[in-house]
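Just so we're clear, the structure is a prediction, and the values are computed from it rather than from any experiment. Order of the sequence lines fixes the chain letters, A, B, ..., with proteins taken first and strands second; residue numbering starts at 1 for each chain.
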Protein chains: 4
Amino acid sequence: MAKKKGEKYEAILDAAVKVIAANGYANSQVSKIAREAGVADGTIYLYFDSKEEILIDLFNEFMGQFIEEVRQEIAAMPDVVSKLRKLVEAHLTKLEASPDLATVTQVELRQSDPRLRLALGETLRGYFRLIEELIEEGKAQGVFAPDLNKYLARQMIFGTLDDIVTRWVWSRRHYSLAAQVPQVFQMLLHGLCGR
Amino acid sequence: MAKKKGEKYEAILDAAVKVIAANGYANSQVSKIAREAGVADGTIYLYFDSKEEILIDLFNEFMGQFIEEVRQEIAAMPDVVSKLRKLVEAHLTKLEASPDLATVTQVELRQSDPRLRLALGETLRGYFRLIEELIEEGKAQGVFAPDLNKYLARQMIFGTLDDIVTRWVWSRRHYSLAAQVPQVFQMLLHGLCGR
Amino acid sequence: MAKKKGEKYEAILDAAVKVIAANGYANSQVSKIAREAGVADGTIYLYFDSKEEILIDLFNEFMGQFIEEVRQEIAAMPDVVSKLRKLVEAHLTKLEASPDLATVTQVELRQSDPRLRLALGETLRGYFRLIEELIEEGKAQGVFAPDLNKYLARQMIFGTLDDIVTRWVWSRRHYSLAAQVPQVFQMLLHGLCGR
Amino acid sequence: MAKKKGEKYEAILDAAVKVIAANGYANSQVSKIAREAGVADGTIYLYFDSKEEILIDLFNEFMGQFIEEVRQEIAAMPDVVSKLRKLVEAHLTKLEASPDLATVTQVELRQSDPRLRLALGETLRGYFRLIEELIEEGKAQGVFAPDLNKYLARQMIFGTLDDIVTRWVWSRRHYSLAAQVPQVFQMLLHGLCGR
DNA sequence: GATGAATGAGTATTCATTCAT
DNA sequence: TATGAATGAATACTCATTCAT
């Protein structure tokens, strides 16, 4: 129904990220997003079928790009350990560089609306697969434990990174995420016992 | 203002968990919770100042009890490794045993309302401290890596468990959480490389 | 869903007739009806499921009563000719006595919304049956033409009365309807040629 | 302001009849009419000042033509009785031949918007005068009752025909209108009592 | 304490109309 | 003339909260 693309489409998505990060999803009225984007309320509906669709597109657009970038950066690395370090680095660095986006994805989009959840899950799955492939590769190369469960391992990697970013957002971002990359990487690789 | 305690207080909290797990937070009207609890709408306000307070109390009540139980079970263990295993087991087992509660805490309460976030954070912090103490103890005993950052380590442990439970809830709980305790425990202890 | 009956139910219906007659249906907002009825907007929805339902109930309530009254008055008449005269008199007199109601039923409720049309048609059908029974009786008694088509005859009677009331409403009710009863009665009985 | 005439003017009116008959007035957006007419939304406003004007012109154009045709056909008849028969026949036959137009004029245009009502009334009045002249002629020729009230008689004729067409439209046009001409004619001439 | 009828503030969405191209 | 993207006013309905009983 609604036409996608166009500079107003992008302007509305950008405005939505800004408004939601600042006010919370529940307090982000369509009219507020429209005003921030510099368009009329009705114009929103020329580009999106509903308010909900703004969220879905927002997540898919930005997360899709995020995932693609991470995938490419990882692909360039020579070995699986370097890939893991790169993944950790990319995840934390990219979200630190886009605080509004981080706020929206870590906090505001953890909504439970079934339709929304479904659409977001679809996109996240691409990221999950990327991590799982990395794990498989590590096992094949004999670097990771042979009995490693790839799903649990992915949940450890993603869960750890996700929680780190969430605490950072909740803490109002008082400290640097990038600085923690080496420690997090070590921890994921060798666990609490180290080495 | 509102008096706490009383059997209706508990009935309302129980009803809230049930209703929110079944309908989602956004579709859990006060009147629906009242009906489930077998009281009149207005009665809710004799026990809670606002709908939001139901959520806060719900989280504090159930999570507080959850944390206390975990603390006691851990305290009974002889060494820090056993304690970690017990923590993992308790976290996954208890939430698996209370699916409605798990649904509400993992999905429905990830709301971003500032007031709510603050109150929930308060309670979570108790759990975080418990985990951090365990890490400190492990380092003191020379079992955990001496350069381990206790905050990052806690984020790895909690983030991993949290993500595992969230995926389980989103997957409609098609598989067993308890069965994964040994693998998760191993992974946290020795990382992706194992041993 | 919505509870019926109660003095507020009646107050809202009365207010609706008044507001719609004065402003036209298209310009009769729910809030305007609520204000006229002396209740809050939300109260409307304790008694009606939707704005549309107000119209349906309004028509059924008032027209149902109208039809019942006409039926009883007719039943008391000794012969079919007296009954026809009474029908004409009752139709014109009653609507003349309730100008707001006449305005609403003649003009405002000729809407074409399928749901509305269906509900209103249901009620009108009761009136149609009443007229058709009268025609059958007239034919059985040999007073009306034996080859009279009861449906066409009903359409002539109702169409004539309906148009008379509609013109009267559109003319802003500058003249008396009751005064025309004898002529209309004569005309229906003997046609344009008279006698 | 807006220029009338032109092939697009006609195309828009034709499209309006089609769209309104198919979707109902309330669901006939300007953009829908424009699409059906094969023009841009804005083009509509080169030919009509407002959406309402489309309706007024539509009614005037088609009804005006209808009335003119009836007038000419009647004029050709030798006596007043033949003229009445011709009027009944023309009214029912022409509308039966244009079901979309009948739907729009009988059902969709019975709206109550004051401006609209006024404009439509203007056009209808021409038809009313035609019928009233016929009645006067009948009285002058001694065919119709000398004490016949020409306004009431016109209301009987028009009301009867109008109701017949309305029921036919509402019944989804399951039967033939033309077949009823003789009976309707007889009924109007001699009333319920016949002869 | 307990009730539940009543309140009324709050908001996504539609669509007739405009105007820069 | 013609376009169609953009506008923004307008409105039915929901639901947390109150308070008379």
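In this model, the phosphate group of dA5(E) is not approached by any side-chain N or O of K8(C) to a distance below 4.0 Å at OP1 or OP2.
To the nearest 0.5 Å, atoms CG (N23(B)) and CD (Q29(B)) are separated by 8.0 Å.
For NZ of K18(D), the number of neighbouring non-hydrogen atoms (other residues, nucleotides, ligands) closer than 6.0 Å is 12 at most.
Across all strands shown, dT21(F) forms a Watson-Crick or G-U wobble pair, both distances under 3.5 Å, with dA2(E). When both distances must be under 3.5 Å, the Watson-Crick or G-U wobble mate of dA9(F) is dT14(E).
In this structure, Y9(D) and E61(D) approach most closely via the heavy-atom pair OH-OE1, 4.0 Å.
Across the protein-nucleic acid pair, Y9(B) atom OH and dG1(E) atom P stand 14 Å apart, rounded to whole Å. The distance between atom OH of Y25(C) and atom C1' of dA12(F), rounded to the nearest whole Å, is 10 Å. To the nearest angstrom, P of dC15(E) lies 20 Å from CZ of F48(D). Atom CG of N23(D) is separated from atom P of dC15(E) by 12 Å (rounded to the nearest Å). Residue I33(D) contributes atom CD1, which lies 11 Å from atom C1' of dA16(E) at whole-angstrom precision. The separation between R35(D) atom CZ and dC15(E) atom P is 12 Å, rounded to whole Å. What separates OH of Y47(A) from C1' of dA5(F) is a distance of 7 Å, to the nearest Å. Here the C1' atom of nucleotide dA5(E) and the CD1 atom of I44(C) are 14 Å apart, to the nearest Å.
In the model, Y47(D) has no side-chain atom that pairs as donor or acceptor with a side-chain atom of D57(D) under 3.5 Å.
Residues T123(C) and F59(C) are in side-chain contact: their nearest non-hydrogen atoms beyond the backbone lie under 4.5 Å apart.
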Using nucleotides 15-18 of chain F, report all nitrogen or oxygen pairs with the protein that are shorter than 3.5 Å.
residue	atom	partner	partner atom	Å
dC15(F)	OP1	Q29(B)	NE2	3.1
dC15(F)	OP2	Q29(B)	NE2	3.3
dA16(F)	OP1	K51(B)	NZ	3.0
dA16(F)	OP2	V30(B)	N	2.8
dT17(F)	OP2	Y45(B)	OH	2.8
dT17(F)	OP2	K51(B)	N	2.9

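Applying side-chain contact (heavy atoms from CB on, under 4.5 Å) to L55(A) and the options I20(A), L120(A), N60(A) leaves one that passes, I20(A).
Panel note: side chain S98(C), backbone L95(C); no donor-acceptor pair is recorded below 3.5 Å.
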